[in-house]
Amino acid sequence: MSNSAAPAASAPIETRLVYAHGLAALITLLISVAFGVTASIELLIPDLVAGHGSWLSWGRLRYDHTQGIMLGWLGNAFFAFLYHAVPLLTGRPVTSARLGQWIFGLWNFAVIAPGWVLVLAGFSQPLEWAEFPLVIDAFVVLALLLVAIQFLPPFFSRGLEDLYVSSWYIIGSLIFTLLAYPMGNFVPELVPGARGAAFSGLWIHDAVGLFVTPLAVAILYFVIPAATRKPIFSHFLSMLGFWLLFFLYPLNGTHHYIFSVIPMSAQIGAITASTLLGVDVIINVTNLLLSLRGSGFWRFSTNTRNGPSGLRACDIGLRFVGTSAVLYLIVSIQGSVQAQMSVNRSVHFSDWVIGHSHLAMLGFASFAAAGGLIHAWQRIPWARYDAALLGWSYWLLLSGLTIMVLDLSAAGLVEAHWWQSTAPWIESVRAVKPLWLIRTLTFVPIAAGFLALLCGLIIGPRGGGLKAIQDSIGLGPIKEIAPRLVSATSSTAERA
Amino acid sequence: MRRFLRMSYLVAGVGGLGFFAMSVLLLGVWPGRVLEQQIKGTSPDHPLPLTASEKRGRVIYGREGCAYCHTQQIRYLDRDVTRFGAATLAWETIFDYPHLWGTRRIGPDLSREGSVRSADWQFSHLYSPRAVVTDSVMPAFPWLFDGAPDRPRQEAQDVLAYLETLGRNRALAGPEGEARARKSCDCSDEEKRLAFGSPVLNASPSMPRRQGSYPKLSGSGDLVRGQLLYSRNCAGCHGIRGEGNGPGAAGLHPRPANLSEHEYTLDRLSSSLWNGDVGTAMPAWRDLPPQDLSAAAQVVRRFHVAQPEPSLPQDVLDLGSRVYAARCAQCHGEKGAGDGSAAGQFPMAPTNFQTQRPSLAASLRALRNGVEGTPMAPWTGELSEAELSAAAYYVRGFFRADVSQ
């Protein structure tokens, strides 16, 4: 056992699969953004596509937007990251490159592409985070099973002793998503009404809490020490955070149905779990931010090799990831607050929640996924990389996200105000239209940011990522830690 | 030591799975059992299941994403109950595979939408929402129609059938069902108050009612405010000049009233605005305060242009009186108050000529052509031209203008 954990760098990384999933992630991301912005424009110009058939109507675009973001963008980005991280975490290769091709094909060409088309053609199910029709769900479950077969055996064959926290998150996420997905997608079709809604509530939170969050947090815990070349602040806190997360997240579900007919004790249990979850995230993010001390994370210049204090400029992947940690803290505390009855009675059903979900998915999760992708990309010797474009991407996304979330939160408060009055319902719609216009306009920085992310990873010089590592942390430490990368660097240098 | 460590990871793994299982038990299975008990105790014995058409409509409702803007869940909160009606009980959604509760409200909650709107209004709204609700952001669904709001395909009819089921079973349960549910519901006093204490099951301010008090409107409303209200809420159907030819008019049967051809008393307008007109697409506007209704009424009354009235010889009046008594009074009432002996049989109230005076042209047109979408039939086959003119003139004599005017 003891010898199996040691030589972490010897296991090969399937860089082609990292690349393929990364590219698929970014392409499905841009398509999902297009779905989202078209839906938002249709709220301003509702008859935009009225004369052009049913395929681009608001409801269908709305379904495709969130399914594309969760499965297409985040799913592919997480898989890309797993192909990079699992061999490094376990010192063992993933199960099979050939299986990887199957997973890639299944995920993109049996789930996402046909799922999108079927939804637009009118075949879907009206369940949140489960809008793809049942036939697609079957392929999702199959793909998730293959993903588990692909990534879990390296952990188990290595043995579970002294696993780094990212490994725990990966194992937990892959197993629990496999369990939670069928619950959210199939059970409400079999259990009607209020009873089905209880399961739906569980899945709405599990989709975020057991699929997206653990993999995003795995990226945060992986990239921060890997990019700073320093151990994390506390392994104890990391494990405490992990177990609390997997204890508390599944218990949150019912907070989507507060003041409903679902038994009050279940509601109060979920509210309590939501409150404690905020505490868990404070523990996790404190640990992550303390791990970032001295990394130059807050110094945003990409040009200076040596800052005034002798610290080097921050690595762009690290910057995405560090920002993700901060956004994670904000969105989780917001979540704890809005689960409280006094807040929930006002803001529930309003755009406030749409702001919250964008802060979670576009903020926390997407910044983590982008950071993970960039980090993995830097370490593919043949991949192209343009640091300046990625710097632009960061600022565009951060500004677009900030404006959008503030704007939607304001819109939610405006709606809550009108709903509480006796004024006709339509007044609440009239009142938020200007804020919806601003939300639509945030498309410009956000889409530009994602486009810059894509371009930053497909144009620029080959091996540009290694130069970026050199510019930030320097190649010195790499020699000690990852001989694989150094040999790749020297071969690139020779070619250049 | 190694063995112990291995065991500890096994324990941890089982524990982790236990967390998930616990969440499903605590927040899925256990609430489900409680709800099942509650449903057993509170549901009427034979709630109506959905017909094939209603089921198809439900599928369309789901596929078009209706539930992503319209919730079907009235929460146990005063603000929900005041706006939409009694809080949703668990048994009300027992036929929902899958549930359509929703987590976002861009449009209003639809738990009790059945019977709030007329069929022609629903079709016009589905076909082109902004034709009837000027500032709506709802998507249009023209592909459910054959090119016009009054030519619904089967799919549109299915959607309407489904919408009409919303709240139906709760309404059918009646006072006895409510009383029984209240008694056997294992819920707190506060929950009981919100689920059963609402004065009306359906609090929609748009729901028309045939009878009911209405506020006294003032004859001098704020005209600027009135014009704003009229253009936002009324012009879609009644047209910007009140001629009954707004974009929403095309699909409505009967067509919206031509406000410029009629003279109305304030009470008549108040009654229509506050209670709506049952049997027509005219909804109630109980969510507007009386001063707003006064303002809108001002605008409506200004559409009417007084025409010089011809004075007809006595024999024509006598003829009109005879024709009216023989042919019209049965529905419109002896004194033209719309309260004839047959009035109650119709889906909509016959015109009350005391509170509403049509122009001579409008009156004659109604007699000659009938009024489409109402029981008013053409009389050309039954009455001579002279009799038609006499009756058309005669009915206008019932009008009793507001004293204050």
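Just so you know, these numbers use all the heavy atoms, side chains as well, and skip hydrogens, waters and symmetry mates. Chain naming here is simple, since letters A, B, ... match the order of the sequence lines and numbering starts at 1 in each.
- A:Leu190 approaches B:Tyr97 most closely through the heavy-atom pair O-CE2, 3.3 Å.
- Annotation: maximal heavy-atom pairing with chain B below 4.5 Å, among A:Gly269, A:Pro188, A:Gly196, occurs at A:Pro188.
- Formation of a donor-acceptor pair under 3.5 Å by the B:Arg63 side chain with backbone atoms of A:Gln125 is not found in this model.
- With a 4.5 Å cut-off on non-hydrogen atoms, B:Trp91 does not touch chain A at all.
- For A:Leu210, the part lying near chain B is the side chain, with the backbone staying farther off; criterion is any non-hydrogen pair under 4.5 Å.
- Among B:Gly28, B:Pro98, B:Ser136, the residue making the largest number of heavy-atom pairs under 4.5 Å with chain A is B:Pro98.
- In this structure, the portions of A:Ala50 lying under 4.5 Å from any heavy atom of chain B include both its backbone and its side chain.
- Judged by distance alone, the side chain of B:Arg104 and the main-chain N or O of A:Phe349 form a donor-acceptor pair under 3.5 Å.
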Intermediate values then yes/no, side chain to side chain contact (heavy atoms under 4.5 Å, CB included), A:Trp436 and B:Ile106: CA-CA 12 Å; A:Trp436 282 350; B:Ile106 292 180; 3.8 Å; yes
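- Interface remark: B:Leu100 contributes side-chain atoms only to the contact with chain A (heavy atom separation under 4.5 Å).
- The contact between A:Ile426 and chain B is made entirely by side chain atoms (from C-beta outward), counting heavy-atom distances below 4.5 Å.
- Contact detail for A:Val261 and B:Leu35: the closest heavy-atom pair is O-CD2, 3.6 Å.
- With respect to chain A, the highest number of heavy-atom pairs below 4.5 Å among B:Glu92, B:Glu191, B:Arg232 belongs to B:Arg232.
- When heavy atoms are compared at a cutoff of 4.5 Å, B:Tyr127 does not approach chain A at all.
- Within a 6.0 Å radius of CZ in A:Phe123, other residues, nucleotides and ligands contribute 12 heavy atoms or fewer.
- For the pair B:Tyr68 (side chain) and A:Leu127 (backbone), a donor-acceptor distance under 3.5 Å is present.
- The heavy-atom pair separating A:Thr422 from B:Arg83 by the smallest distance is C-NH2, 4.1 Å.
- Between chain B and the residues A:Gly253, A:Ser428, A:Ser346, the most heavy-atom pairs under 4.5 angstrom are made by A:Ser346.
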Pair B:Phe19-A:Phe246, ring pair (Phe, Tyr, Trp, His ring centres under 6.0 Å): steps then yes or no: CA-CA 7 Å; B:Phe19 288 166; A:Phe246 274 87; 8.5 Å; no
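- Contact of the A:Pro424 side chain with the B:Leu288 side chain is registered, since non-hydrogen atoms from C-beta on lie closer than 4.5 Å.
- In this structure the side chain of B:Pro205 never reaches within 4.5 angstrom of the side chain of A:Trp425, judged on heavy atoms.
- Side chain of B:Arg75 to backbone of A:Arg345: a donor-acceptor contact under 3.5 angstrom is found.
- Residues A:Ser57 and B:Glu64 have side chains in contact (heavy-atom distance under 4.5 Å, counting atoms from C-beta outward).
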Steps toward side chain to side chain contact (heavy atoms under 4.5 Å, CB included) verdict (B:Cys69, A:Arg62): CA-CA 11 Å; B:Cys69 291; A:Arg62 161 73 177 76; over 6 Å; no
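- Counting heavy-atom pairs under 4.5 Å between each of A:Val119, A:Asp351, A:Leu248, A:Ile175 and chain B puts A:Asp351 at the top.
- For the atom pair CZ (A:Arg195) and CD1 (B:Ile94), the distance works out to 10.0 Å, reported to the nearest 0.5 Å.
- For the pair B:Trp101 (side chain) and A:Gly193 (backbone), a donor-acceptor distance under 3.5 Å is absent.
- For A:Ala273, no part lies near chain B; criterion is any non-hydrogen pair under 4.5 Å.
- Proximity of B:Leu17 to A:Leu179: side-chain heavy atoms (C-beta onward) are separated by under 4.5 Å at one or more points.
- Minimum heavy-atom separation, B:Leu27 to A:Asn252: CD1-N, 4.2 Å.
- Of the residues considered (B:Asp80, B:Thr71, B:Ile74), B:Thr71 shows the highest number of contacts with chain A, using heavy-atom pairs under 4.5 Å.
- At a 4.5 Å heavy-atom cutoff, A:Gln267 makes no contact with chain B through either its backbone or its side chain.
- The most heavy-atom pairs under 4.5 Å with chain B, out of A:Gly59, A:Ala198, A:Pro46, A:Ala270, come from A:Pro46.
- Between A:Phe176 and B:Phe20, a ring centre-to-centre spacing shorter than 6.0 Å is recorded.
- B:Val24 touches chain A through backbone and side chain together, each having a heavy atom under 4.5 Å away.
- Residue with the most contacts toward chain A among B:Gln38, B:Met138, B:Arg286, B:Arg130: B:Arg130 (heavy-atom pairs, distance under 4.5 Å).
- The contact between A:Phe247 and chain B is made by backbone and side chain atoms together, counting heavy-atom distances below 4.5 Å.
- Contact of A:Val429 with chain B is made through the side chain alone, with heavy-atom distances under 4.5 Å.
- Contacts of A:Trp419 with chain B are made by both backbone and side-chain atoms, with heavy-atom separations under 4.5 Å.
- The shortest side-chain heavy-atom distance between A:Pro263 and B:Arg33 does not fall under the 4.5 Å cut-off.
- Residue B:Leu26 comes nearest to A:Ala266 through the heavy atom pair O-CB, 4.5 Å, listed as atom of the first residue, atom of the second, then distance.
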Test log, rule side chain to side chain contact (heavy atoms under 4.5 Å, CB included), inputs B:Val29 and A:Phe199: CA-CA 8 Å; B:Val29 176; A:Phe199 286 98; 4.1 Å; yes
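- Under the 4.5 Å side-chain criterion, counting only non-hydrogen atoms from C-beta, A:Pro250 is not in contact with B:Met22.
- Proximity to chain B (any heavy atom under 4.5 Å) is shown, for A:Asn185, by neither the backbone nor the side chain.
- With a 4.5 angstrom heavy-atom cutoff, B:Asn233 touches chain A only via side-chain atoms.
- In this structure, chain B has a heavy atom under 4.5 Å from the side chain of A:Trp168, while its backbone stays farther away.
- Under the 30°/60° scheme for interplanar angles, the aromatic rings of B:His99 and A:Tyr257 are found to stand perpendicular.
- At a 4.5 Å heavy-atom cutoff, the contact between A:Leu251 and chain B is made by backbone and side-chain atoms alike.
- The backbone N or O of B:Asp135 lies less than 3.5 Å from a partner atom in the side chain of A:Lys433, making a donor-acceptor pair.
- In this structure, no portion of A:Ile171 lies under 4.5 Å from any heavy atom of chain B.
- Using a 4.5 Å cut-off between heavy atoms, A:Ser357 does not touch chain B at all.
- In the displayed structure, B:Asp146 atom CG is contacted under 6.0 Å by more than 12 heavy atoms of other residues, nucleotides or ligands.
- Among the candidates B:Phe141, B:Tyr61, B:Trp285, B:Trp143, the residue making the largest number of heavy-atom pairs closer than 4.5 Å to chain A is B:Trp143.
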